[in-house]
Number of protein chains: 2
Amino acid sequence: MEIELQIKMNPSLYLRDPEQSELGKNIIKHSIQLIYDNGFEAFTFKKLAESIGTTEAGVYRYFENKHKLLVYIISWYWGWIQFQLNYQTNNIKDPIVKLKKVITLLSTNVEDDITTGHVDEPQLHQILISEGSKAYLTNHVGMDNKQQFFKPYKDLCNSVGEIILECNPKYKYPHSLASTIIEMAHLQNFFMNHLPSLTDFSKSKDEKEIIKYLEDLVFNTIRI
Amino acid sequence: MEIELQIKMNPSLYLRDPEQSELGKNIIKHSIQLIYDNGFEAFTFKKLAESIGTTEAGVYRYFENKHKLLVYIISWYWGWIQFQLNYQTNNIKDPIVKLKKVITLLSTNVEDDITTGHVDEPQLHQILISEGSKAYLTNHVGMDNKQQFFKPYKDLCNSVGEIILECNPKYKYPHSLASTIIEMAHLQNFFMNHLPSLTDFSKSKDEKEIIKYLEDLVFNTIRI
DNA sequence: TATTTAAGATAGTAATACTATTATTTAAAA
DNA sequence: TTTTAAATAATAGTATTACTATCTTAAATA
């Protein structure tokens, strides 16, 4: 029996479900590759179509515009991370161990997940580091939020917040600390690699240092 | 005697120094207004030129492209914040008081500084919250960094890092904690106003809550 | 077999991000 | 005061981007 992991996506993000056809899956696959290679600003539907071997109009039948496509793949990533979190912390009683797992999961460049054929998770992880915040740092964030575009991110933040509260039920800022952990796991990685003097990891350029920094930050903050 | 505050800018950011002419000052002034109103994605040199009453070509004589203009005004902001930091922490001995001042300075929506005629600081502060990270989250961050585009930001981060070390000389991650404070002062503000469930300040929507959160985070982390 | 549906092919438009040219005004230098 | 240079304004033009529309073909389904 083959198991294939399916992440349920918000239908408002697409015009036609990309999971349901070869072309759709190719759009996701090549989008990740192109955004990973050239960044989101340089990414266009024309280049995407050329890379797939279809036409611009073909892509537009799946996604209204490139921003929604970005939000789609980012949502997919958070959904996938949520699954990994649930899976990895399942049956663990100690919330401290759980929280450490979460920090490691968010900070580590994942391995390719073979149960998700057309998605290259390591590339997607890099996209999240460089482009993740562009999903919500827009003028239309309010409208996007109303359409629940950021639900996977908010759900994840909530899960992390709950684990924080398990560690210390009296801690006053579980959601803010959760969003700080998630954002900083990515941003410190970006800084480490591109603006190293903004971090203390420039020598080793090792993700493990980020994990140590975040663990120190989090467990001192919640006073464990 | 009138005092005018001049922030020295990196000449690689512009083609012609905007401080040196009326048109130049108008470009800065109206850029801030337009980016504040419509966001950076919707901002074009054509709209800017129309808003000033000049032509697109006129703007291009000052700035190569809109990204460099964004980096310019963001650099200006960090230079101005650096000045405010130096000014406000001058003669303060206690590093804890200093660090608190820094957190407050970064988290508070500033008042308009009359010594900088053509710059509206409160609007600029909002731009930093929504668009600040777009200055460096690009594919050409390495080249930009080589040209010292992010020096004011890195200098500020360094200053904050030094104050952290004054509080606790043994703390291991002064730069990372400094960049965390700076980024989170802005990001928690953005979340509070646009994605409130990612924070614990959604009820009051008060900057003072962010300050309390960051103080709690920082002083627990460095164990004061 | 008829019919819906997806995909491919092609064309076209408005806006964006520029570059280039020339004419006019302003200001500094000779 | 005249000359010269520099800044600006006015206009035009191009390649690319971000779409929309239409028509045909192929494949799946009823």
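Residue numbers begin at 1 in each chain, while the letters A, B, ... track the order of the sequences.
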D:dA30 - base-pair partner by Watson-Crick or wobble geometry, distances under 3.5 Å: C:dT1

B:Arg61 (side chain) and D:dA6 (base): donor-acceptor pair under 3.5 Å: no

5' precedence on DNA chain D between A:Asn65 and B:Thr55 (nearest-nucleotide basis): B:Thr55

Sugar-phosphate only, base, or nothing, as touched by A:Lys46 at under 4.0 Å among non-hydrogen atoms: nothing

Between P of D:dC19 and NZ of A:Lys68, the distance in whole Å: 11 Å

B:Thr54 side chain near D:dA9 phosphate (N/O to OP1/OP2, under 4.0 Å): yes

Aromatic plane relationship, B:Phe190 with A:Tyr136 - under 30° parallel, 30 to 60° tilted, over 60° perpendicular: tilted

Atom-pair distance (CZ on A:Phe40; C1' on D:dA18), nearest Å: 12 Å

Touch class at under 4.0 angstrom, heavy-atom based, for A:Glu64 against every strand present: sugar-phosphate

Length of the line joining B:Asp17:CG and D:dT8:C1', which is rounded to integer Å: 17 Å

Sugar-phosphate only, base, or nothing, as touched by B:Tyr60 at under 4.0 Å among non-hydrogen atoms: base

A:Tyr36 OH: over 12 foreign heavy atoms closer than 6.0 Å: no

Side chain of A:Thr44 (C-beta onward), nearest among D:dA7, D:dA9, D:dA18: D:dA18

Distance, rounded to the nearest Å, where B:Phe45 contributes CZ and D:dA9 contributes P: 16 Å

Salt bridge B:Glu215-B:Lys212, side-chain N to carboxylate O under 4.0 Å: no

Aromatic ring pairing A:Trp76/A:Trp80, orientation class (parallel under 30°, perpendicular over 60°, tilted between): parallel

Between P of D:dC19 and CG of A:Leu15, the distance in whole Å: 11 Å

Lys/Arg cation over aromatic B:Phe40: B:Lys66, 6.0 Å, 45° cone: yes

Parallel, tilted or perpendicular, as decided by the 30° and 60° cut-offs, for the rings of A:Tyr77 and A:His186: tilted

Sugar-phosphate, base or nothing in reach of B:Tyr62, heavy atoms under 4.0 Å: sugar-phosphate

Any side-chain heavy-atom pair of B:Ser197 and A:His175 under 4.5 Å: no

Whole angstrom value for the distance that separates P of D:dA7 from CD of B:Gln20: 11 Å

Rounded distance in Å - CG (B:Asn26) to P (D:dA7): 17 Å

Nucleotide range of DNA chain C lying under 4.0 Å from chain A heavy atoms: C:dA6 to C:dT10

Protein-nucleotide distance (A:Phe43, atom CZ; D:dT16, atom P), rounded to Å: 18 Å

